[in-house]
Amino acid sequence: MSERRGPLVGLKRHLQIHVVSRDSAYLVSDRGVTHLQGTHLETLAPLLDGTRDLPALVRETRSAMSTQQLGHLLGTLSEAGLVTYRAADGTTSAADLPTEAFWELAGLDGPLSTVRAGADPVRILTLCALPPALVRDGFQQAGLSCAPAGAGVEEGALTVVLCDDYLDPGLRRIDAEQRAAGRPWLLAKPGGSTLWVGPVFQPGDGACWSCLAHPLRANRPDRAAGACPEASLPLTRLIGLQLVALEAVKWLAGYRHQGQQSVLTLDPLDVRGRHHTLVRRPQCPACGDPAVGAAPTTRPVVLRSRPKVHQSGQGHRALTPQQVMEQYGHLISPVTGPVRDIRRHPHGPDFLNSFVAGHNPAAKATGSGATPVLRLFSGGKGTTELDARVGALCEALERHSGTYQGDEPRIRDTVRGLGDAAIHPNTCQLYDERQYRDRARWNARHTGFQHVCDPLGEDTPVDWTPVWSLTTGDRRYLPTSMLYYSAPHAGAGHRYAVADSNGCAAGSSLEDAILQGFLELVERDAVAQWWYNRTRQPGVDIGAFGDAWNDELHEVHRGLKRSVWALDLTNDLGIPVVAALSRRTDKPAQDVIFGFGAHFDPAVALRRALTEMNQLLPAVLGAGPGGSGYAVGDPDALSWWRTATIANQPYLVADPGQSPTRPDRHPWTARPDLRDDVQAACDLVRRHDMNLLVLDQTRPDIGLPVARVMVPGLRHFWARFGPGRLFDVPVRTGVLGSRTRFEDLNPIPLFV
């Protein structure tokens, strides 16, 4: 009777050992070389050919090393993943050796994975133009075992679904069937000009098809135009089919990797592939809980301590720009991401750091149906490329989070029915009664956010959404259509409130977002008072701030034949607000551009204004003396650039009778925590008898904190001329001797 042997010990199939000395060797594979050091390697290495069990190794190395030394050396090699233990009664054919080597290189049990990959059946469903017989033949040639045609969900270890479109309505039924059975399935599109493979949906673990369909619909507005003609080659379809088979084989063999939770796209023209991360939506109606999406909105806003870890010329944050990009950069994808892409604006020098990101949902929320061309894209600005890219990402995620998705909490009621809990939309929109009366004529002349809404009567039912007052600590209500882009209105032909981006911000924390949203309200309140009253403001001594980047900006603009200056717009709120302006100096049309900034720190307010001004510069750089060459076609902007000069718009330049603002004009308190800054904002609003309202718009599947901040009474910088601060503050602060008459307000609406 032959002696029963234990597991055979040998190097993994993908390794070849080369001994160079008694205690040194190299392990070579097609992935690289590993240098080994250890006593007795020269003795042990030739014996690790997979034909000996442990007792045999002990016997054959007895003269050179002790059993303890052998055990230690084998243990070291095992921990390094270099040796494997195979059943003594197993046999491996020469044809299977490369296969086992492949799986062992992937960290799997070679013989076991080889068996599983070829034995576990694949269930195939085809929703594409490929003949089912061709698909089955291709999979079988790849070594897969195929379940019989028409097999049920339980008959396949993995279901593979081939389609022409990832939004095929039939996929919803398949996904529901697979989730009900608790069985995984792989989705793929092997045809078309771009091949798509994955993800592998695993019920109960990760995203479902509905989670994928949500961003796909947002990124595929072209679907309304109908299906595109097929664009592929027989060879590319074959490659696509083989890629699908490869992913199925890997899954069946037991190989798991992060890419299986993503969509792989491959462009056959340049053979360039990319993984698009798919994130499960906790609020998904198919695999999650829709109530989760409404949770941030319905609970009180509680401020928490957020120490400032990053303070730069762009502001004070709880995370660095690099940390923000690392946490949320996976959301940039034209397939699975809410942000399709981020790219540098094609016009202008790199110094401008002007970036755009995807589309801007806020631009589609205008009451008139016309799109403000300057706002087609979300944008980012900064003194560095990273700052600008992160800014573009955050603004795009802010706009995405603020877009109506259907799971927002809302109640149907009237102003009268809600009583004191309701905030009439015009306390925020601030239209004048004359604008309401003349709105048909006004709206016929003006586009985009200059649109005047319909007046809301006290007994008109509309949808309302709760917001939280940080001033009084209670819940109030505003119309849903004022809080979310593209939210449905009360009825055909009636628009009582339209959402805009004023006071909306994303941040490294909710406190950060609230602070940035509030500062934007402060900024636009001051800008409106200056612009529409055409007040003369003190200049800003830019050089006095001692910022080398500011000096470089002057040089860049001078090289573009432009002049740069800044105005101090700070009003009764006391928070520094700056307008930065630039004009052409070599042609009659001055192409005047501007940017605005507000912050407790006047140096940050100035930096923000200058970078925002740079963000607008690419739109005018190509303009010629004849009035053509502008990068946008917005009629209000074009009219301004072609006609406005510092001579016919004297409020654009500093008041010569006032000394320029230097850093010491606006002393400020440096606070180490963002919560303290938000509390300071609340205290300021309370002193002015106003109310600071917050709507937490953070989406569970996005994670980036987003807040919509409202302070009824603060002015927007668009043409909204209701009574209040627009007329009162310039008089109260001594900037004007009397209120500007309605008829004498600046007839040029601010167009950014």
Side-chain angles (χ1 to χ4, degrees), residues 430-432 434-435 450 502 519-542 563-583 590 592-599 602 605-606 608-610 612-613 616 636 639-641 643-662 665-666 684 688 690 711 713-752:
L430 296 170
Y431 297 113
D432 186 82
R434 284 163 285 193
Q435 289 184 285
Q450 306 303 341
N502 190 35
L519 291 173
E520 184 170 84
L521 295 178
V522 171
E523 167 202 303
R524 294 183 176 184
D525 179 70
V527 170
Q529 292 164 27
W530 160 67
W531 182 271
Y532 292 108
N533 289 285
R534 291 179 280 195
T535 59
R536 300 302 300 271
Q537 301 292 138
V540 175
D541 185 349
I542 298 177
S563 174
V564 175
W565 70 100
L567 304 177
D568 184 354
L569 307 185
T570 308
N571 60 12
D572 62 324
L573 298 177
I575 295 177
V577 179
V578 175
L581 301 100
S582 172
R583 69 178 179 91
Q590 295 183 353
V592 179
I593 60 170
F594 36 73
F596 311 115
H599 199 272
L606 173 60
R608 287 182 167 184
L610 291 169
E612 186 173 273
M613 177 192 69
L616 191 57
D636 291 333
S639 175
W640 171 264
W641 290 326
T643 62
T645 67
I646 59 173
N648 62 35
Q649 309 292 328
Y651 59 93
L652 297 179
V653 296
D655 182 357
Q658 300 187 62
S659 59
T661 292
R662 298 172 62 86
R665 175 171 289 184
H666 299 299
L684 175 63
H688 284 262
M690 292 186 287
V711 178
L714 290 186
R715 312 301 302 210
H716 204 304
F717 62 17
W718 290 321
R720 300 178 179 183
F721 300 151
R725 292 177 56 82
L726 181 66
F727 302 91
D728 299 343
V729 172
V731 176
R732 188 164 64 243
T733 57
V735 175
L736 293 177
S738 61
R739 289 180 176 86
T740 303
R741 296 191 311 157
F742 181 91
E743 297 79 8
D744 294 333
L745 293 170
N746 192 340
I748 304 172
L750 200 61
F751 53 84
V752 293

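By the salt bridge (Lys or Arg N to Asp or Glu O under 4.0 Å) test, Glu612 pairs with no residue at all, sequence neighbours left out. Here Ala526 pairs with Leu569, Asn571, Val577 under the side-chain contact (heavy atoms from CB on, under 4.5 Å) rule; sequence neighbours left out. Applying the salt bridge (Lys or Arg N to Asp or Glu O under 4.0 Å) criterion to Arg534, with sequence neighbours excluded, gives no partner residue. Checked against side-chain contact (heavy atoms from CB on, under 4.5 Å), Arg739 has the following partners two or more places apart in sequence or in another chain: Phe727, Asp728, Val731. Scanning for salt bridge (Lys or Arg N to Asp or Glu O under 4.0 Å) contacts around Asp525 gives Arg725, with sequence neighbours left out. Residues forming a salt bridge (Lys or Arg N to Asp or Glu O under 4.0 Å) with Asp636 (at least two apart in sequence, or on another chain): none. Considering only residues two or more places apart in sequence or on other chains, Thr645 meets the side-chain hydrogen bond (donor to acceptor under 3.5 Å, both in side chains) condition with Asn648. When the side-chain hydrogen bond (donor to acceptor under 3.5 Å, both in side chains) test is applied to Thr733, no partner is found at least two apart in sequence or on another chain. Residues passing the ring-ring contact (aromatic ring centres under 6.0 Å, His included) test with His666, sequence neighbours excluded: none. Partners of Leu684 by side-chain contact (heavy atoms from CB on, under 4.5 Å), not counting sequence neighbours, listed by chain and number: Phe518, Leu573, Ile575, Arg687, His688. Contacts of Glu520 classified as side-chain contact (heavy atoms from CB on, under 4.5 Å), with partners at least two apart in sequence or in another chain: Asn502, Arg524.
Of the possible polar contacts, one joining the Arg715 side chain to the Gly722 backbone as a donor-acceptor pair under 3.5 Å is found. Looking only at distances, a side-chain donor or acceptor of Arg536 sits under 3.5 Å from a matching main-chain atom of Ala654. In this structure a side-chain-to-backbone donor-acceptor pair under 3.5 Å is missing from Trp718 to Pro749. Using a distance-only test at 3.5 Å, with no hydrogens or angles considered, a donor-acceptor pair links the side chain of Tyr532 to the main chain of Phe717. No donor-acceptor pair closer than 3.5 Å links the side chain of Trp565 to the backbone N or O of Ala580.
Under the 3.5 Å distance criterion, with hydrogens and angles disregarded, a donor-acceptor pair is assigned to the side chains of Asp568 and Thr570.
The structure places CG of Leu606 at 10.5 Å from OG1 of Thr661, a figure rounded to the nearest 0.5 Å. Expressed to the nearest 0.5 Å, how far CG of Leu616 lies from OG of Ser582 amounts to 9.5 Å.
Between Val735 and Gln529, the closest side-chain pair of non-hydrogen atoms is not below 4.5 Å. Contact of the Arg665 side chain with the Pro576 side chain is not registered, since no non-hydrogen atoms from C-beta on lie closer than 4.5 Å. Considering only heavy atoms from C-beta on, Trp530 comes within 4.5 Å of Leu652 through its side chain. Here the side chains of Leu745 and Asn533 are in contact, with some heavy-atom distance below 4.5 Å.
For Trp531 and Phe594, the ring centers sit closer than 6.0 Å to each other.
Within the structure, salt bridge (Lys or Arg N to Asp or Glu O under 4.0 Å) contacts touching residues 743-752 (residues at least two apart or in different chains) are Arg434-Glu743, Arg741-Asp744.
Taking all atoms of both residues into account, the shortest heavy-atom contact from Leu519 to Ala598 is O-CB, 3.5 Å. Considering every non-hydrogen atom in both Val653 and Leu567, the closest pair reads C-CD2, 3.7 Å. Here the closest non-hydrogen pair linking Met690 and Leu714 is CE-CD2, 3.8 Å. Across Pro660 and Val540, no two heavy atoms sit closer than the pair CB-C, 4.4 Å. The two residues Gly713 and Leu430 make their nearest non-hydrogen contact at O-CD1, 3.9 Å. Closest of all the heavy-atom pairs between Gln435 and Phe721 is OE1-N, 2.8 Å.
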